[in-house]
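This report refers to the structure that appears directly beneath it.
When reading the values below, keep in mind they use all heavy atoms of this one structure, side chains included, and skip hydrogens, waters and symmetry mates.
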Amino acid sequence: MNKKLLRIILTVVLLVGAWLVEHFAALPMWQLLLVYLVPYLVIGYDVLGEAVEGIMEGDPFDEDFLMSLATIGALLIGFLPSAEPQFIEGVFVMLFFQVGELFEHYAEDRARKSISDLMDIRPDVAYVERKGSVEKVSPDAVNIGETLIIKPGEKIPLDGTILEGTSSLNTVALTGESLPRDVSEGMEVISGCVNLSGVLKVRVDKPFSESTAAKIIQLVEKASENKSHSESFIRRFARVYTPIVVISALALAIIPPFFYDSYATALGVWLYRALTFLVVSCPCALVISIPLTFFSGIGGASHRGILIKGGNYMDALARLSTVMFDKTGTLTQGSFAVEAVHPETLSEHELLHLAAHVERYSTHPIALALRQAYKNEADSCKVEDIKETAGQGITASINGKTVSVGNVRLMTTLGITPPVCERCAHQTGTVVHVAVNGEYAGHIVISDQLKDDSIAAIDSLKQLGVRKTVMLTGDKEEVARQIAEQTKVTEYHADLLPADKVDYITRFITAKKEGETIAFVGDGINDAPVLARADVGIAMGALGSDAAIEAADVILMDDKLSKIALAIKLSRRTIFIAKENAWFAIGIKVAVLLLATFGLASMGLAVFADVGVMVLAVLNAMRAR
């Protein structure tokens with residue numbers, strides 16, 4: 001970019017010098033051509049080279065070819081009978097074309113910066129414990145199971161689990177969130193975050209090629225491969241449009257002079273008009289600004305923690321009519337918590353105390369919820385004779401008492417019929433029954449918790465004109481109904497297998513109107529087929545499975561459902577800016593082309609209609625960031 005700026009400045013100086021030579025030295029035409037060729041070649045050698053390369057490869061019809069043809073014609077037109085020399089105009093056209101290119105590169109750099117900020121998550125080194133010492137190695141040389149030492153200020157190089165230490169992590173590059181995330185022993189950490197405070201020992205769970213940082217970088221790098229419909233149309237348009245323009249310009253130069261008394265005299269006039277026509281018709285503004293708009297939009301979204309895999313998915317997001325959601329881990333947190341404790345013969349505290357101790361060594365999510373609800377799990381109680389019955393529950397001896405924790409089937413095997421709980425009629429979730437020494441002691445209701453922003457996210461989608469919000473879940477009817485009532489989704493379907501979800505979304509896609517699109521939002525491995533089937537698959541990036549992220553088209557790096565509405569807004573704004581550029585460029589060009597055809601447009605106006613419009617369109621495209 002700096003090199004091009006220097007060339008532009010040098011060309012301006014040389015052009016002023018050439019103009020002075022023309023006015024104060026009476027040089028013949030061919031010598032003046034040599035004088036003006038100096039600034040022309042300084043500013044245009046790369047454009048001429050690209051044009052020659054295109055001709056050699058059999059694909060000449062692009063903006064470089066048009067600019068070369070128009071400017072060379074302007075330099076030579078003065079040699080025709082009765083034609084005025086256009087040396088300054090020829091150099092000016094190439095100069096302003098390069099000025100436009102300079103603005104384009106500047107805009108691309110600005111848009112790419114938001115992408116490069118994301119690329120900074122790529123870790124350069126890893127410090128790994130090996131044979132009693134710490135080695136500095138490349139992240140891709142670390143194996144699964146090895147232990148990393150991560151000091152404050154260092155990036156986390158690979159995904160893993162904390163073995164020792166507590167700290168806060170800066171996750172802004174991954175999620176767009178400015179608040180640090182507190183982590184401690186046993187918690188999972190992902191690559192690309194920056195360790196802010198304490199020293200961490202982390203066990204590596206994934207190789208570098210499968211780490212979060214590596215996958216995000218791959219997704220962003222591949223985003224430009226998925227062209228939007230607008231981008232693809234512009235590329236196809238340019239390939240058809242350019243040869244038509246060249247042929248039209250030739251016809252404009254050659255045919256009208258036949259209707260004059262002197263063909264040679266008229267040829268100069270009409271050749272000048274044809275050259276003006278060529279300069280105006282160059283599709284730079286369209287070819288450059290439309291892809292740049294989508295590139296800027298994708299960069300701006302990634303800066304906010306939304307990864308969109310290509311411009312075509314921005315098109316689809318802008319036209320969403322239906323958004324379908326998985327429940328667990330998407331609308332809900334995917335982690336169980338104790339909702340209510342209903343004792344029969346014990347206090348609430350004692351009932352929860354016994355249940356938590358029985359489940360002390362279980363890895364089941366319900367066991368984890370019970371232990372989290374009872375804060376004093378590590379007391380002096382003696383836990384012995386633990387016996388787990390698959391599909392029923394667990395029995396153990398707690399300080400000499402036989403305590404059974406499980407479902408109705410476990411109670412039945414103990415000869416107990418749990419009483420009907422009227423309070424449970426207004427609660428949904430899993431009911432865990434507790435018996436002590438063969439007598440019923442009470443039950444605990446455990447349920448998945450709704451995400452903080454689920455209700456607001458659904459409301460935001462409706463405000464944006466999304467007509468239907470649908471929940472698809474494998475959970476039971478009563479649980480699905482309660483979540484649907486809380487979130488106010490348009491409809492829900494429960495007790496579904498992964499194949500059932502695919503069937504449902506296929507029905508919706510078949511029934512949708514022309515021009516509308518359907519999105520599915522999910523996070524689990526079983527969501528991957530549905531994410532792939534939807535027009536737009538949206539995955540949870542922080543907690544979602546690798547399979548879901550691979551199958552998705554849009555990834556929410558912080559799992560916030562409210563970002564879906566933001567993604568739609570950004571996409572619609574990007575599409576609007578792209579359309580603004582297209583209509584503006586086409587409108588100006590059509591007007592000036594008509595003027596050029598009738599000899600009412602100068603080469604200066606032609607330069608504005610090409611380069612000026614391109615500069616304005618590029619500046620407008622930058623707003624998509």
Side-chain angles (χ1 to χ4, degrees), residues 4 6-52 55 60 63-100 246 249-282 595-611:
K4 180 161 285 189
L6 288 173
R7 286 172 55 203
I8 289 171
I9 295 171
L10 179 59
T11 300
V12 171
V13 173
L14 291 172
L15 186 58
V16 171
W19 178 81
L20 292 172
V21 169
E22 180 181 1
H23 278 265
F24 294 103
L27 297 179
M29 189 79 71
W30 67 271
Q31 290 181 356
L32 278 178
L33 174 62
L34 295 179
V35 171
Y36 278 99
L37 273 178
V38 176
Y40 177 79
L41 292 175
V42 168
I43 196 64
Y45 71 86
D46 52 343
V47 177
L48 295 172
E50 290 290 333
V52 171
I55 294 170
E63 62 268 24
D64 294 311
F65 177 77
L66 276 182
M67 296 311 298
S68 299
L69 188 62
T71 52
I72 291 171
L75 291 173
L76 299 178
I77 196 171
F79 292 94
L80 292 173
S82 303
E84 292 291 325
Q86 303 291 336
F87 297 128
I88 290 180
E89 286 83 350
V91 179
F92 257 123
V93 170
M94 189 63 78
L95 176 63
F96 278 100
F97 178 71
Q98 294 287 31
V99 169
V246 173
L250 283 173
L252 188 63
I254 296 170
I255 296 174
F258 281 112
F259 299 95
Y260 287 77
D261 295 333
S262 172
Y263 185 90
T265 302
L267 180 62
V269 174
W270 284 96
L271 187 57
Y272 180 78
R273 293 182 184 181
L275 292 172
T276 306
F277 184 93
L278 275 179
V279 173
V280 174
S281 60
C282 184
L595 293 174
T597 302
F598 295 102
L600 301 175
S602 66
M603 190 66 76
L605 184 59
V607 170
F608 168 76
D610 176 44
V611 180

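The CG atom of D46 sits 5.5 Å away from atom NZ of K4, with the distance rounded to the nearest 0.5 Å. Taking CD1 of I72 as the reference point, atom CG of L37 lies at 9.5 Å (rounded to 0.5 Å). Rounding to the nearest 0.5 Å gives a distance of 9.5 Å between CG of L267 and CZ of F258. The distance from atom CG of L250 to atom CG of L271, rounded to the nearest 0.5 Å, is 9.5 Å. Atom CG of L20 is separated from atom CD of E22 by 10.0 Å, given to the nearest 0.5 angstrom.
When the ring-ring contact (aromatic ring centres under 6.0 Å, His included) test is applied to F87, the partners found at least two apart in sequence or on another chain are Y36. Partners of P256 under the side chain to side chain contact (heavy atoms under 4.5 Å, CB included) rule, at least two apart in sequence or in another chain, are W270. When the side chain to side chain contact (heavy atoms under 4.5 Å, CB included) test is applied to V35, the partners found at least two apart in sequence or on another chain are A18, V21, L27. When the ring-ring contact (aromatic ring centres under 6.0 Å, His included) test is applied to F259, no partner is found at least two apart in sequence or on another chain. Judged as a ring-ring contact (aromatic ring centres under 6.0 Å, His included), and not counting sequence neighbours, Y45 has no contacts.
Among residues at least two apart or in separate chains, there is no salt bridge (Lys or Arg N to Asp or Glu O under 4.0 Å) pair with a member in residues 258-267.
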**Prompt:** Hey, mind stepping through Y40 and L48 against side-chain contact (heavy atoms from CB on, under 4.5 Å) and telling me if it holds?
**Reply:** CA-CA 10 Å; Y40 177 79; L48 295 172; 3.6 Å; yes
**Prompt:** Under the side-chain contact (heavy atoms from CB on, under 4.5 Å) criterion, do W30 and L34 qualify, and how do the steps go?
**Reply:** CA-CA 7 Å; W30 67 271; L34 295 179; 3.7 Å; yes
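When each of L6, L95, V16, L41 is paired with T11, the side-chain contact (heavy atoms from CB on, under 4.5 Å) condition holds for L95 and for no other.
When all heavy atoms of V91 and P39 are compared, the closest pair comes out as CG1-CB, 4.2 Å. The heavy-atom pair separating A274 from A253 by the smallest distance is CB-CB, 3.6 Å. Considering every non-hydrogen atom in both I254 and Y263, the closest pair reads O-OH, 3.1 Å.
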